[in-house]
Each structure stands twice: as structure tokens, then as C-alpha cells.
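In what follows, a single structure is set out as C-alpha cells and then discussed.
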2 protein chains.
Amino acid sequence: MSVGRETRLSAWIERFAAHFAEEGIPLIGGRILGYLLICQPVERTAAELSQELEASSGSISTNLKYLVNVGLVTKRTRRGRQAAEYRINEKAWTDFIQRKLTAIASVQTLTDDGMRLLSGDPERAMRLRTVDHLYGWLSAELPALWERRPASPK
Amino acid sequence: MSVGRETRLSAWIERFAAHFAEEGIPLIGGRILGYLLICQPVERTAAELSQELEASSGSISTNLKYLVNVGLVTKRTRRGRQAAEYRINEKAWTDFIQRKLTAIASVQTLTDDGMRLLSGDPERAMRLRTVDHLYGWLSAELPALWERRPASPK
DNA sequence: GATCCCTTTCGGTCGACACTGAAATCATCG
DNA sequence: CGATGATTTCAGTGTCGACCGAAAGGGATC
């Protein structure tokens with residue numbers, strides 16, 4: 001007997017969350033992200049998320065705050081509604097990825113400073129130089145690559 | 001009165017270690033990396049590292065094992081020497097960075113699987129599609145960019 | 001084989017952080 | 001203004017991992 005679609009989707013959410021857990025995003029935060037990417041309708045209240053994801057209201061609150069903060073989730077309040085509605089802000093993924101790329105390239109400032117401290121001793125600077133060149137190239141190319149990123153599909 | 005060069009270098013090592021600590025590398029592991037990049041002579045024993053970095057022999061051992069494992073440090077044993085010598089393997093930084101880039105791009109397999117699960121419901125797949133396109137582009141471009149990386153300076 | 005030195009292993013401590021659930025807070029509506 | 005239904009805050013718990021230092025393990029020399 002085959003498993004239902006919703007079952008497979010929740011397994012997918014779990015894989016999704018697990019991936020980002022490795023990158024330091026709390027498990028529940030990852031679940032919220034995954035869930036909000038594929039739920040119908042697109043907006044959910046904190047209470048609904050708590051129910052759906054079987055997580056405490058406290059965890060949901062903390063993680064929503066974090067996700068709204070980094071921009072991946074948008075909070076919407078409406079007059080006449082006591083419950084705020086949350087939804088994925090798919091546009092924010094570009095910034096999210098860009099931060100990761102710049103984080104990698106940022107090592108270059110570190111190696112650069114090191115090279116300065118070792119100026120006058122090229123022998124000793126050799127190892128760092130190899131690393132510095134690599135990061136120097138990266139920090140030039142990554143932003144350039146990023147500029148060529150395609151617009152999102154219509 | 002100005003601070004000495006060695007003092008500044010050890011401050012640099014600390015900054016270096018702090019950066020990689022944010023990426024999940026233990027502080028002491030980062031210190032070893034930074035130190036081995038700029039020490040003279042280039043090879044050190046575990047005992048020397050323990051002394052220089054004021055870390056316990058146990059921590060040095062654990063972290064060296066890890067660094068050797070990921071290839072960033074090379075262990076060399078010599079007949080007639082009871083102490084092994086460790087040095088930076090600056091060549092391995094390319095692999096190290098590549099792993100980070102592929103880790104970012106690997107989200108594409110996740111979004112791709114999600115899209116498959118949502119095939120037949122384009123409405124519901126819209127949010128994921130935006131994210132999937134971005135990662136799809138990345139996982140095509142990043143490896144291509146990487147191929148164009150320059151050789152290390154002679 | 002005994003000794004010496006160095007490295008690895010291992011038990012234990014400490015601090016950080018995710019998560020929970022209850023209490024406090026807030027907003028809306030009657 | 002009080003009641004209602006939602007969210008946020010907060011104290012407490014458990015887990016995990018980095019680090020330490022002592023003990024065990026391994027080579028090398030004598």
C-alpha cells in the first residue's frame with residue numbers, strides 16, 4: 001500500500017529541516033520554513049503552525065521571530081484579527097544565499113591582514129599567500145557571479 | 001609604546017580562529033590552523049602546539065585528528081623521531097572551499113524533490129518554484145565558476 | 001626489556017542552546 | 001471595562017559538544 005501525498009510531503013519537510021539544522025538553523029525553524037513553502041493556503045498563524053508541526057507555542061514564537069528577522073518569513077497583522085498570519089517570503093532567499101556567499105569570501109580580509117603582518121618576510125608568508133590568493137579570487141568572482149543571477153520566473 | 005609583531009600575530013590567530021568557530025570549527029582547531037599558517041619553521045609537534053596555544057594535550061590531539069582528516073593539516077612521522085610533525089597543507093584549501101560551495105548548491109536536490117512531489121499542483125508549487133530556480137541556477141553556475149579558479153601562485 | 005617521551009584515549013566538567021509549558025502580555029470585541 | 005483568544009516571555013530541563021587533565025598506549029633508544 002502506497003503512502004499518501006501529505007505523508008510524503010511531511011517527510012520532505014523533515015529532510016528540509018534536517019539540512020538546515022546542519023547549517024545551524026534550529027530544527028523547528030527549518031520545519032516552519034519547509035512547511036510554509038508548500039502549505040495551502042499560504043498563510044498560517046502561530047497556533048496553526050504549533051499544531052501542524054507538533055511544537056510548543058514557545059518554540060514556534062522564538063523561531064518565527066528569528067525567521068521574520070532574517071526576512072525569510074513575513075508577518076502580517078490584520079484589523080479585526082487577533083491572530084497574526086505568517087507566510088514565506090520567497091524573494092528573501094536571494095539575500096539569504098548571498099549572505100552565505102559573502103561569508104565565505106570574507107575570509108579574504110582575514111588572510112589579507114595576515115599578509116600585511118608578514119610583509120617583509122616572504123618566506124614565512126608563503127603558506128598564507130596560497131590561501132590568500134584563492135580567497136582573493138573568490139571575493140572578486142562571487143559578487144560578479146551573483147550579479148548575473150537570473151530574475152525569478154514569472 | 002607599540003605592540004610587538006608576535007603579539008599582533010597571535011591576535012590575528014585569535015581572529016582567524018573566531019571566524020571559523022562561527023562556521024562550526026572548534027576554537028582550538030581554528031587556532032591550530034592559524035598558527036600553522038604562519039609559524040616558522042613550518043612543522044610543529046603536538047606538544048609544541050599544546051605549549052604555544054596553551055591548550056590541553058587532549059584538545060590538541062582531537063583537533064589535529066580532525067584537521068588531518070579533512071586534509072587541511074598533514075601529519076608526518078619520521079624514523080628515529082617519536083614525535084610526529086604537523087604542517088599546513090595549503091593545497092587542501094581548494095577542497096575545503098569547494099565543499100562549502102557544493103553544500104550551498106546541494107539544496108537544489110531538496111527543492112527539486114519538493115517540486116516533483118507538487119507536480120500536478122502548480123498553484124501550490126509557486127513558492128517553492130522561486131526557490132528552486134535560484135538553487136538550480138546556483139548548482140549550475142558554482143561548479144562552472146570553480147573550474148575557472150586560478151592555479152596557486154608559484 | 002626497561003626507560004623515556006610523546007600521543008591518544010577516556011571520564012568528567014562546564015557552558016550553550018533548543019525546546020517545553022505555564023504565566024504574563026497584548027489585541028480585539030462585546 | 002471585562003472577557004476571549006491569541007502571542008510572547010521566562011524559568012526550567014535535557015542534550016550536546018568543547019575542553020581539560022590524568023591514565024593508558026606506543027615508539028625509540030639504551
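For the numbers below, each heavy atom of this structure counts, side chains included, while hydrogens, waters and symmetry mates do not.
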Worksheet item: Can we say A:Glu85 and A:Arg44 salt-bridge, meaning some charged N sits less than 4.0 Å from an Asp/Glu carboxylate O?
Response: no
Worksheet item: How would you label the contact of B:Tyr66 with the nucleic acid (heavy atoms, under 4.0 Å): base, sugar-phosphate, or nothing?
Response: nothing
Worksheet entry | Least distance between heavy atoms, B:Ala92 atom then B:Gly71 atom | CB-O, 3.1 Å
Worksheet entry | Interatomic distance, B:Leu67 CG vs C:dT8 P [rounded to whole Å] | 12 Å
Worksheet item: Just wondering, are more than 12 heavy atoms of other shown residues or ligands nearer than 6.0 Å to CD in B:Glu123?
Response: no
Discussion item. Below 30° counts as parallel, above 60° as perpendicular, anything between as tilted: where do the rings of A:Phe20 and A:Phe16 land?
Written reply: tilted
Worksheet entry | Heavy-atom neighbours of A:Met126 CE exceed 12 at 6.0 Å | no
Item to complete: Flag the pair B:Glu43 and B:Arg87 as a salt bridge only when some basic side-chain nitrogen lies within less than 4.0 angstrom of an acidic carboxylate oxygen.
Response: yes
Worksheet item: Which residues in residues 41-52 of chain B have at least one heavy atom lying under 4.0 Å from any atom of DNA chain D?
Response: none
Worksheet item: Less than 4.0 Å between a side-chain N and a carboxylate O, is that true for A:Arg99 and A:Glu23?
Response: no
Practice prompt. Assign a letter to each nucleotide of nucleotides 18-30 of chain C from its 5' end: B, base within under 4.0 Å of a protein heavy atom; S, sugar-phosphate only; -, no contact.
Written response: SSBBB-----SS-
Worksheet item: Does B:Asp132 pair with B:Arg129 as a salt bridge, N-O distance under 4.0 Å?
Response: no
Worksheet item: Hey, is A:Arg31 close enough to A:Glu14 for a salt bridge, meaning N to O under 4.0 Å?
Response: yes
Worksheet entry | Least distance between heavy atoms, A:Leu138 atom then A:Pro143 atom | O-CD, 3.9 Å
Worksheet entry | Span of DNA chain D in contact with chain A (heavy atoms, under 4.0 Å) | D:dG5 to D:dT9
